[in-house]
Amino acid sequence: MVSATELAYYATHPTELRSIIQWKTWHNPVHERDEKKESPELKECFRQLGLTSRSFAAVIQELHPELLVPVTLFYLVLRGLDTIEDDMTIAIEEKEPLLRNFHEIIDDERWTYNGNGPHEKDRELLVKFDNITKEFVKIKEPYKVIIRDIAKRMGNGMADYAKNQDLEANGVRTIKDYELYCHYVAGLVGEGLTRLFVEAKLANPALLQRPELMESMGQFLQQTNIIRDIREDHEDKRYFWPKEVWSKYVPKFADLFLPENREKALHCQSEMILIALRRADECLFYMAGVKEQSVFNFVAIPQSMAIATLELCFQNYAMFERNIKITKGSACQLMLESTQNLQVVCDVFRRYARKIHRKNSPRDPSFLEISIACGKIERFIESIFPTQTARTLPRDANGAIARKKKEDEETKWDMIYIMIAVLAVLALISFLMIGAAYLAGARFDLAISALKKGNFFPPKNPQGVASLASQFEGVASSSLAAPNAGHSEL
Amino acid sequence: MISRDNLRILVTGGGGFLGRAIVQALLTQHETWRISVLDLKPPDHDILTRLEHFFQVDVRSAASVNNAFVDYIPDLVIHTAGIIPARQKRYSTRKEDWEHVRSINVDGTRHILDATLASGCKLFVYTSSCTVVIDDLNHDYYYMDETVPIGLANLHYGKSKGIAESYVLDPRHATERGLVACALRPATIIGPGDTAVMSLIHDLIAKGETSFIVGNGDNIYDFMYIDNAVHAHLLAVENLLTTRTAAGEAFFISNCEPVYFWDVFAYIWAQFGHVPTFRVRIPMGLAWVAALVAEAVTWVTGKPSTLDTGSVADGVRTHFSNNEKARRVLGYEPVVGLTEGVKLACEVSIETYEL
């Protein structure tokens with residue numbers, strides 16, 4: 001339901017409201033699922049997708065038919081891993097082999113799992129996991145190989161973290177550890193998806209030669225979530241912010257939330273945002289390698305949301321007090337902009353880079369580094385979509401200007417010819433119609449006289465027509481009579 | 001092939017901000033090389049004693065330049081000598097000012113290059129400047145590379161450096177006299193001991209002008225820490241001594257960290273312990289009119305102000321370079337990051353300015 005505060009918000013932010021309406025009205029999926037051809041198991045997979053993912057369900061379901069099922073299953077397999085990893089009620093002795101062997105489990109068409117705690121929100125996914133495995137065996141072998149490989153590496157990474165007592169007790173220590181964690185939960189997803197895209201021939205194979213690009217795609221999203229969810233994770237006693245960063249500002253992690261440390265918390269937040277922001281240009285670079293529109297939308301929407309979220313968090317203390325997220329209006333605008341082309345997405349990145357730059361404060365220890373990170377985004381955009389000025393046009397700019405002038409001249413004459421042709425056709429049609437009316441006995445004399453008297457509108461009833469006719473008949477006949485009279489005098 | 005062990009290198013302007021740093025780097029990194037300096041004033045004593053020669057020469061005089069080369073044939077010349085018109089002089093349109101700049105930067109370069117070739121030396125590294133392009137304050141230059149034409153700069157400095165660069169890289173010198181030369185175009189250099197940029201920015205604190213941003217504040221600019229400029233010069237020397245792939249070429253060099261122009265100011269002020277309580281963005285048009293008024297006041301009273309139409313234009317322009325060519329040909333990669341560089345520059349400057 002729409003709340004009163006929401007109403008008030010959109011009443012004062014009409015552009016956001018406009019974006020919501022535009023998105024709802026005009027967005028056409030690039031591809032749509034064909035539900036008639038889907039097996040009951042696959043339907044169940046899509047239902048699970050909708051239940052487990054708020055943000056990805058829609059974009060996945062609009063994917064190119066070639067990748068629709070593989071990516072859906074890839075997502076659900078990783079979600080399955082996540083559901084086991086996250087559940088603290090599963091003993092480590094049981095959890096570790098499950099995580100490490102998950103890449104084999106997915107080939108077992110009957111496998112289901114009932115061991116999640118009753119409060120695990122995604123427990124149904126594993127209870128009915130056979131729906132997913134039944135569909136998994138049906139997809140093309142190359143896709144299976146990729147999904148198994150990523151599931152294996154992610155499962156092992158998660159198992160290592162789950163066994164790590166030190167991490168349990170102290171949280172992530174260094175920035176390197178933090179990025180390694182993000183690699184296991186997101187960087188690998190980026191790699192898997194990229195391999196799926198390339199396998200389906202929907203992305204440039206060169207993306208596989210630059211692994212740092214797909215790594216950045218995952219890191220950027222994951223780090224943004226970790227930054228934004230600080231409050232929630234703290235309440236759940238999960239610590240992802242590396243000690244190497246927060247220890248510069250406060251002696252104990254929990255001190256970040258004390259009101260007297262407000263400024264220190266904001267400085268710490270800036271440094272975390274800086275680490276993520278440095279990846280943004282590589283994300284744009286990656287998106288330049290995507291060939292197909294639905295795949296582009298799929299990768300671009302989360303990235304745009306991420307940079308907008310970073311901007312929302314930056315210098316915003318509310319992040320330490322409660323969950324914050326971008327407004328629905330902004331989200332719709334971002335989706336509109338992320339479903340077009342790279343240049344529009346670049347404009348989004350530049351817009352948010354400048355917003356971050358404007359909020360940046362010289363009191364912040366990361367001040368100049370953040371400014372440089374924003375500059376890096378702007379520089380990258382300039383490298384692929386250069387701003388042309390009179391002085392940076394190619395060397396034969398003068399030739400180009402002369403050509404442009406000639407073209408303009410030609411356009412002008414084209415325009416004139418078209419106008420003449422249009423007028424000639426109008427004249428011909430008018431002549432034919434007036435001629436036809438004249439031959440059919442139309443009384444132009446009466447009409448013109450009426451117009452002269454100021455009667456621009458035809459009379460509303462037959463009597464009016466008659467009286468008008470008689471009124472002018474008289475005039476007309478008398479005027480006709482006069483020359484006759486003169487003639488008779490001769 | 002020239003013997004690498006006891007190379008003779010002449011650095012003109014070796015007493016200046018950049019020249020001195022280049023001399024120091026050469027002395028430390030190549031102990032067997034014989035370094036000489038040609039300048040108007042002798043360098044610091046500790047450097048002077050380690051030189052092969054010091055030639056006290058005014059580059060404006062062809063005769064006195066030639067005199068230095070009478071009994072001296074260098075293997076390679078690094079020509080850094082020049083004048084950078086500071087403050088109000090930067091935007092001067094007076095003919096006498098132009099003649100002064102031209103005589104040092106253009107005639108001086110011609111004298112040095114001609115004397116170098118006459119002596120038989122063929123290797124020449126010229127310190128040009130990014131201003132050969134950007135001293136054209138009516139235009140923005142986004143991520144400019146070496147394909148952007150020069151010769152359009154209208155401020156004295158960039159104009160003079162452009163003419164001199166074209167003279168040095170004139171292909172006729174290469175074909176007719178065997179010259180192997182390259183030109184480096186550094187972005188605005190900052191560093192410890194720099195008197196031009198840092199002091200200008202620092203002075204704004206005392207004047208109480210730190211709360212104003214001219215334009216929208218989104219314009220981007222390139223800076224360069226001194227060590228990186230020195231590094232690029234040494235790479236250019238190395239290139240001319242070995243592969244010579246840089247011959248006849250000009251290279252933009254910077255810290256490869258383009259950044260919002262006004263943020264660098266704010267960061268430098270913060271290093272001096274000053275953070276403006278508020279900051280206002282003054283639209284370009286309004287600032288320009290204000291500058292015009294200030295100029296009129298200056299003209300009447302004779303007391304110079306910070307604000308003039310030239311610096312207003314400088315403050316709103318986007319000027320940053322693409323250093324790919326230097327990367328590819330010279331192997332240039334900045335060695336000191338911008339943040340660290342600004343900090344280092346400020347540390348020394350605090351002592352200089354706050355006393």
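Proteins come first, then strands; the chains are lettered A, B, ... in the order of their sequence lines, and each starts at number 1. Scope of the values below: all heavy atoms of this structure, side chains included, with no hydrogens, waters or symmetry mates.
- At most 12 heavy atoms of other shown residues, nucleotides or ligands fall within 6.0 angstrom of atom CD in A:E263.
- Taking A:E378, A:E369, A:R358, A:E382 one by one and counting their heavy-atom pairs under 4.5 Å with chain B, the maximum is reached by A:R358.
- With a 6.0 Å radius and a threshold of 12 heavy atoms from other residues, nucleotides or ligands, B:R327 has its CZ atom above the threshold.
- Counting heavy-atom pairs closer than 4.5 Å to chain A, the top residue among B:G217, B:A266, B:A270, B:P258 is B:P258.
- Only one option out of B:L338, B:V264, B:I220, B:D263 pairs with A:S371 in a side chain to side chain contact (heavy atoms under 4.5 Å, CB included); it is B:D263.
- Atom CG of A:D364 sits about 10.5 Å away from atom OH of B:Y267, to the nearest 0.5 Å.
- No part of A:S361 comes within reach of chain B, as not one of its non-hydrogen atoms sits under 4.5 angstrom from that chain.
- With a 4.5 Å cut-off on side-chain heavy atoms, A:P386 and B:Y142 do not count as touching.
- One distance of note links OH of B:Y143 with CZ of A:F385; it measures 14.5 Å at 0.5 Å rounding.
- Heavy-atom contacts from other residues, nucleotides or ligands closer than 6.0 Å to CZ of A:R351 number more than 12.
- Note: B:D218 leads B:V275, B:D218, B:N322 in heavy-atom pairs under 4.5 Å with chain A.
- By the neighbour-count criterion of 12 heavy atoms within 6.0 Å, atom NZ of A:K248 is densely surrounded, having more than that number from other residues, nucleotides or ligands.
- Within 6.0 Å of atom CH2 in B:W288, 12 or fewer heavy atoms from other residues, nucleotides or ligands are found, so the atom counts as exposed in its surroundings.
- Heavy-atom pairs under 4.5 Å with chain A were tallied for B:N255, B:N138, B:V342, B:D136; the largest tally goes to B:D136.
- If you take CG on A:L368 and CD on B:E340, they are separated by 12.0 Å, rounding to the nearest 0.5 Å.
- Residues A:C374 and B:Y260 form a side-chain contact, since some pair of their non-hydrogen atoms from C-beta on lies under 4.5 Å apart.
- Between the CG atom in B:D222 and the CZ atom in A:R379 there is a gap of 8.5 Å [rounded to 0.5 Å].
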